[in-house]
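The structure displayed is predicted, hence computed values, not measured ones.
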Amino acid sequence: MNALAQIAAARPGDPPPPGRAMGWMALSVALAVIPTFFYLPLWAPLYFGACAFWRWRIERRVRAIPPGTLRAAIFALGCVLVAVFASGDGSRQALGFLIVLTSAKLLELRTRRDYIITALLAYFLILSGFFFNQSLPLALYTVVSLLIITQTLVMCCGATETRPSLRLAGSMCLQTLPVVVLLFVFFPRLEGQLNLFNVRSRTGLPGISENLRPGEIARLAESEEIALRAEIVGGKAIPPAELYWRGPVLLQCDGLAWSPGRFQLERGSPKQPPAADAPGIYTCRITIEPHENRWVFALDRPVAYATRGLYFTASGSVENRTPLRRKELYIVTSRVPQRTPLPEDLAPPAPAYLQTPNHLPIRVRQLAESWKMRTGGDGAAIVAAAQSYFRAEGFRYSLNPGTYEGPTAIEEFLFERKRGFCEHYAAAFATLMRAAGVPARLILGYQGGRTNWLTNHLTILQSDAHAWTEVWLPQRGWVRVDPTAEIAPERLSLGRDQYAALEQLGSLSPAERLQALFRLNNPTGWRWVIRSAAMAWDSVDHQWNLRVVGFGFDSQRDLWRDFGIDAFGFMGGGIGIMIGLGVGAGISALVLLLRSRSSDVVDRRASAIAKQYARFCARLARVGVAPRQPAEGPLDFASRAVAALPEQAGSIQQITDLYIRLRYGRSTGASLDDLKRAVREFAPKAARSA
């Protein structure tokens, strides 16, 4: 009886599995439960730990299995914990309930059926982690865990030896691999996101906020969390100073503090992508980390997208129709740099783009009005005057500029301390532009990125968070202006990491700065090994996110088009489902048929071998040799037969050797015909006269 039949035949009254099964069961449940603790409150590990400790005491014969009423009370307590501490979040409620079921089941493990049910619960637990996290480390962890859980099921079905049962579990897992791959490739994805639960990957996600307050961007400067990865289609190179990843656009001005405003809710119409070989046109495949907001990031300035579920906002950004609560892959085409205005940018902007705070300090307003009067209200000249002011007045770029608070924060920044991060310069510049009569808006996103030389993709960290501005000029539309470039141009050309490293080295001569940059870009020794290993892992992780996690509806549609199926709509999805189910069922049926035939062949051969050996034993019994006992091995029986019939020793040993090699060995050098011939010729006539 195979393992699946053993599982199906399990009954409540069955005896417990062998002693080693408990150890494997404990390992399986622990492997399945540990990853879930990252997504549940503290009660989950405490509840599971208490039940596991109780079970350990039961195994040590210190305590007995608790009565049914006590087990029911423990289970009810777990349900109350789920209802109280996981309320409002269906994903965590479902996961918490699985934890409670598994933990409570540990307290009543008695029969083989109990063990099998617990192992099946472990399957559900380990796979539920993919609702929250689809990372490559978790996938590798899950593969090992599934192998261990399958090994536990094999042990529960009566296996006693570890290595043979582990080989069987590995064989079972490998046999399912082709079906898994085919279903992954051909089973149709649903268009858009399927939110059976309100799934969130984790709480407290780092990232850009929708409201800019002094210090918000600087808070991310020390974070090494990955924000997104981008792959430029065609391998085109982009100058580092042009790597602006546009995110949310802020319209509501309050000095150094900005917020989105109502105009962000307007949706622009989807745009047709320009020719891929046009100058300055770049198409990016981007995988973004979850941040639980709607905006996505694209090279500034996006002009088209090729992913369903996206839309353009009225302010030129791209957003998703649902919050990003898991890693997503999307494709956006951008024009970099934007030398000619987009048609929709030429229309005069709404009056909201000139809004200034009511409490704007007098000195700030006077500064802006002086530029307006000196330039005659020319927008480009006002921008140039502001840039000149930031260059000439001793402003400094600093990661730790101190705290700016209150309605006079912008005045303190512009006229007293003159130290700030990119957010301070962008917010102050945009406020001054509006006060001078130039429409302006503030953009949050990232600037720069690290090129992985193995796969030639860009990795953008949270520490690359940046803020810049856009001003509207007649005949030019919206023009990007980055005040940080006036204060610290090396920040944009070198990137945040190299700029920060040079800042820590203090004042250097030009030659020393070149040497320091060369050492940073060309590490040696262990630094080279560590950097190469980090690059390799980043490449593997990127390919996993791109090819596996990002294999959604659009990717599958493109694959089907390669097979000649262009219409992948509703009918195409139905056809895909039928084909996917048919392929999976057909492969499964073929595997079962081949295994059945192979098993039948093996059974018929074993039956034929046993039949010939039974004839041999019967002939020995007719000449006076006592019949072979059920627990007597072939060698022991042969020794007894040789002692009774020494003149037939050669034939007895020959037949016994053939039988052992055919029945228990690899049958090298022996065949069933040899055994038949030897048994047919075996006729101990001399023993009868004796």
Can you find a side-chain donor-acceptor pair between [X] and [Y] that sits under 3.5 Å?
| X | Y | answer |
| --- | --- | --- |
| Asn320 | Tyr311 | no |
| Thr283 | Thr333 | yes |
| Thr459 | Arg450 | no |
| Thr469 | Tyr425 | no |
| Asn211 | Ser209 | no |

Quick check on the 6.0 Å ring-centre criterion: do Tyr330 and Tyr305 meet it?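 No; Tyr305 has its ring centre 6.0 Å or more from that of Tyr330.
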I'd like to check [X] versus [Y] (side-chain heavy atoms, cut-off strictly below 4.5 Å). Are they in contact?
| X | Y | result |
| --- | --- | --- |
| Ile331 | Ile286 | no |
| Pro214 | Glu405 | no |
| Ile232 | Ile238 | yes |
| Leu299 | Val332 | no |

Please check if atom CZ in Phe37 has more than 12 non-hydrogen atoms from other residues, nucleotides or ligands closer than 6.0 Å.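 Counting neighbours around CZ of Phe37, more than 12 heavy atoms of other residues, nucleotides or ligands fall under 6.0 Å, so yes.
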State whether the side chain of [X] and the backbone N or O of [Y] hold a donor-acceptor pair below 3.5 Å, judged by distance alone.
| X | Y | answer |
| --- | --- | --- |
| Asn133 | Gly129 | no |
| Lys236 | Ile281 | yes |
| Asp464 | Leu461 | yes |
| Ser317 | Gly247 | yes |
| Trp245 | Gly448 | yes |
| Arg246 | Gly316 | yes |
| Asn293 | Trp295 | no |
| Thr36 | Val33 | yes |
| Trp544 | Gln134 | yes |
| Glu210 | Leu250 | no |

When you look at Trp468 and Tyr244, which way does the ring pair (Phe, Tyr, Trp, His ring centres under 6.0 Å) test go after all the steps? CA-CA 9 Å; Trp468 63 95; Tyr244 283 84; 4.9 Å; yes
Under a 4.0 Å N-O cut-off, is there an ion pair linking [X] with [Y]?
| X | Y | result |
| --- | --- | --- |
| Glu470 | Arg441 | yes |
| Arg480 | Glu242 | yes |
| Asp254 | Arg213 | no |
| Arg335 | Asp300 | no |

Under 30°, 30 to 60°, or over 60°: which ring-plane class applies to Tyr397 and Phe421, parallel, tilted or perpendicular?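 Answer is tilted, since the angle falls between 30° and 60°.
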Ring-plane angle category for Tyr39 and Phe132, please: parallel below 30°, perpendicular beyond 60°, tilted otherwise.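 Rings of Tyr39 and Phe132: parallel, as their planes differ by under 30°.
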Report the residue from Ile217, Asp482, Leu444 that forms a side chain to side chain contact (heavy atoms under 4.5 Å, CB included) with His466.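 The side chain to side chain contact (heavy atoms under 4.5 Å, CB included) with His466 is passed solely by Asp482 among Ile217, Asp482, Leu444.
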Side chain to side chain contact (heavy atoms under 4.5 Å, CB included) partner of His424, the single match among Pro401, Pro483, Ser398: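 The side chain to side chain contact (heavy atoms under 4.5 Å, CB included) with His424 is passed solely by Pro401 among Pro401, Pro483, Ser398.
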Do you know which two heavy atoms are closest between [X] and [Y], and how far apart they sit?
| X | Y | answer |
| --- | --- | --- |
| Arg326 | Glu328 | NE-OE2, 3.1 Å |
| Leu220 | Ala465 | CD1-CB, 3.8 Å |
| Leu228 | Ile288 | CB-CA, 4.1 Å |

May I have the step-by-step check of side chain to side chain contact (heavy atoms under 4.5 Å, CB included) for Arg229 and Asp538, ending in yes or no? CA-CA 10 Å; Arg229 291 187 177 100; Asp538 184 66; 2.9 Å; yes
Might you work through the side chain to side chain contact (heavy atoms under 4.5 Å, CB included) test for Arg301 and Asp345, ending with a clear yes or no? CA-CA 12 Å; Arg301 176 128 177 241; Asp345 288 349; 2.3 Å; yes
Taking only residues two or more places apart in sequence or in another chain, which ones pass salt bridge (charged side-chain N to carboxylate O under 4.0 Å, His left out) with Arg285?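 Partners of Arg285 by the salt bridge (charged side-chain N to carboxylate O under 4.0 Å, His left out) criterion, ordered by chain and then number, come out as Glu231.
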Please confirm whether Arg417 makes a cation-pi placement over Phe395, using NZ or CZ under 6.0 Å from the six-membered ring centre and within 45° of the ring normal.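 That pair does not qualify as a cation-pi contact.
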Supply the atom-to-atom distance Glu486 CD to Phe429 CZ, rounded to the nearest 0.5 angstrom.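 Reported value, rounded in 0.5 Å steps: 8.0 Å.
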Find the distance between CG (Leu243) and OH (Tyr282) and round it off to the nearest 0.5 Å.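 Answer for the CG-OH pair, Leu243 versus Tyr282, is 9.5 Å.
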Full working for ring pair (Phe, Tyr, Trp, His ring centres under 6.0 Å) between Trp43 and Phe48: CA-CA 8 Å; Trp43 69 264; Phe48 173 77; over 10 Å; no
Between Asn545 and Leu329, does a side chain to side chain contact (heavy atoms under 4.5 Å, CB included) hold up when you go through it step by step? CA-CA 8 Å; Asn545 293 327; Leu329 168 68; over 6 Å; no
Taking it one step at a time, do Leu31 and Ile126 satisfy side chain to side chain contact (heavy atoms under 4.5 Å, CB included)? CA-CA 8 Å; Leu31 289 174; Ile126 194 63; 5.6 Å; no
